Structure formats: C-alpha cells, structure tokens
Amino acid sequence: MPNQVEEFNAYRQKMNDKILSEDHKIIKRIFNLDTNSYKSGHLDVKTKELLGLVSSAVLRCDDCIKYHLETCFNEGVTKEEMMETLSIATLVGGTIVIPHLRRAYEFWEELELMKKNN
C-alpha cells in the first residue's frame, strides 16, 4: 500500500508528464527555470531547498512544502534543521501556517519511516 510520499510523487510525476506533453513554451520555460534555480551555484542545493521550504510554507503551498521537504531530506537536512527552518516560516507567515506545519511534520515522519524500512 503506497504511503503519502509515494502517492505524492506518483501524482506529481503523472501530472507533470501530462502538462509537459502539451508542448507549451511558457510552461516548459517556467518548469526549466524552477529546476535550474535549485541547482548548486553560489548557494548550495541544501540552502536553496531550505529557502524554498520557507517560501512554500509562508505561501501555504502543501505540494511545494512536500517537494522541498523530500529534497531537503535527500540532501541530508536533519530533523532539527527542518524544524528550525519551519519555525522561521511560521514566524514570518504567522499562525495561519500552523496547519501546514502539522502536515509538513507528518510528511517528514513518512520520509524517516521510508528510510528506516529500506
């Protein structure tokens, strides 16, 4: 039975494939810009992903939060670093971010469980 991490990734991939198959120049450029923006540059990938996580939490985009959480996890971000990052996001975004903080924490637990089971 798939967990929420697998379900999220499968849905994201399926829909990205459908959207990109439309061959719309602007959408493809936006996707490319997003991908390239998070590559290592003057800031490393881990830092950029943590910045993306804060921004996504403040903007209250659960899909974006999940994406950045998983990438942060894969980049070696610790639970403590993730929590400190989300604490800044909650400070900046206010208490309206708390429901997203709850879902982010739950998703992080799923990532830890997957790693433990593999």
Side-chain angles (χ1 to χ4, degrees):
M1 179 168 164
N3 64 31
Q4 68 171 296
V5 174
E6 292 167 343
E7 288 174 0
F8 170 73
N9 286 327
Y11 175 77
R12 183 176 178 276
Q13 187 64 54
K14 178 180 93 172
M15 294 312 298
N16 282 354
D17 290 346
K18 286 183 178 190
I19 290 166
L20 292 172
S21 74
E22 292 293 325
D23 202 29
H24 191 275
K25 186 190 310 185
I26 294 171
I27 290 175
K28 282 188 171 189
R29 285 182 177 174
I30 291 169
F31 272 57
N32 184 271
L33 180 62
D34 181 65
T35 298
N36 285 315
S37 294
Y38 287 95
K39 289 183 178 178
S40 186
H42 294 288
L43 296 173
D44 61 15
V45 172
K46 179 178 170 180
T47 301
K48 288 182 174 186
E49 290 297 336
L50 290 169
L51 289 168
L53 178 57
V54 169
S55 302
S56 297
V58 169
L59 292 170
R60 301 185 311 274
C61 176
D62 285 330
D63 278 8
C64 299
I65 291 168
K66 288 176 180 177
Y67 176 80
H68 289 294
L69 280 172
E70 185 171 9
T71 307
C72 285
F73 188 85
N74 292 335
E75 286 295 316
V77 169
T78 66
K79 187 174 194 173
E80 294 77 18
E81 290 170 323
M82 179 273 298
M83 287 301 294
E84 190 166 341
T85 300
L86 287 174
S87 73
I88 298 298
T90 306
L91 173 68
V92 172
T95 57
I96 198 165
V97 173
I98 292 173
H100 304 277
L101 172 62
R102 289 183 193 119
R103 288 188 288 274
Y105 191 89
E106 179 183 34
F107 195 78
W108 188 269
E109 287 182 324
E110 283 284 330
L111 291 165
E112 291 177 324
L113 186 61
M114 283 181 64
K115 182 178 181 181
K116 183 181 173 184
N117 291 335
N118 286 335

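As the structure is a prediction and not an experimental result, all values here were calculated from the model.
L111 and V45 end up in different hydrophobic clusters when Ile, Leu, Val, Met, Phe, Trp and Tyr side chains are linked at under 4.5 Å. Placement of Y67 and V97 in two distinct hydrophobic clusters is found when ILVMFWY residues are connected by side-chain heavy-atom separations under 4.5 Å, directly or transitively. Residues L101 and L53 fall within the same hydrophobic cluster, defined by Ile, Leu, Val, Met, Phe, Trp and Tyr side chains chained together at heavy-atom separations under 4.5 Å. Linking ILVMFWY side-chain heavy atoms closer than 4.5 Å, directly or via other members, places M83 and F73 in a single hydrophobic cluster.
More than 12 heavy atoms of other shown residues, nucleotides or ligands fall within 6.0 angstrom of atom CD in E81. Within 6.0 Å of the CD1 atom in I98, the count of heavy atoms belonging to other residues, nucleotides or ligands exceeds 12. With a 6.0 Å radius and a threshold of 12 heavy atoms from other residues, nucleotides or ligands, Y11 has its OH atom at or below the threshold.
Using a 4.5 Å heavy-atom cutoff, the side chains of V77 and L50 are in contact. Annotation: side chain of F107 is not in contact with side chain of I65 (no heavy-atom distance under 4.5 Å). Within the 4.5 Å cutoff, side-chain heavy atoms of K79 are placed close to those of Y105. Between K28 and K25 the shortest side-chain heavy-atom distance does not fall below 4.5 Å.
Atom-to-atom distance recorded for K66:NZ and S56:OG is 12.5 Å, nearest 0.5 angstrom. Taking CE of M114 as the start and CD of E70 as the end, the distance is 7.0 Å to the nearest 0.5 Å. The distance from the OG atom of S37 to the CG atom of L33 is 4.0 Å, given to the nearest 0.5 Å. Interatomic distance, K46 NZ to D44 CG, rounded to the nearest 0.5 Å: 7.5 Å. Here the CD1-CZ distance, from I19 to R12, works out to 10.0 Å after rounding to the nearest 0.5 Å. The CH2 atom of W108 sits 9.0 Å away from atom CG of L86, with the distance rounded to the nearest 0.5 Å.
Of all the heavy atoms in N16 and F31, the pair that sits closest is OD1-CE2, 3.5 Å.
E49 and N74 share no donor-acceptor pair across their side chains, judged by distance under 3.5 Å alone. Side chains of D17 and Q13: a donor on one and an acceptor on the other come within 3.5 Å.
Between Y38 and H68, the ring-plane angle classifies as tilted under the 30° and 60° cut-offs.
With hydrogens and angles ignored, the 3.5 Å screen pairs a side-chain donor or acceptor of K48 with a backbone N or O of K39.
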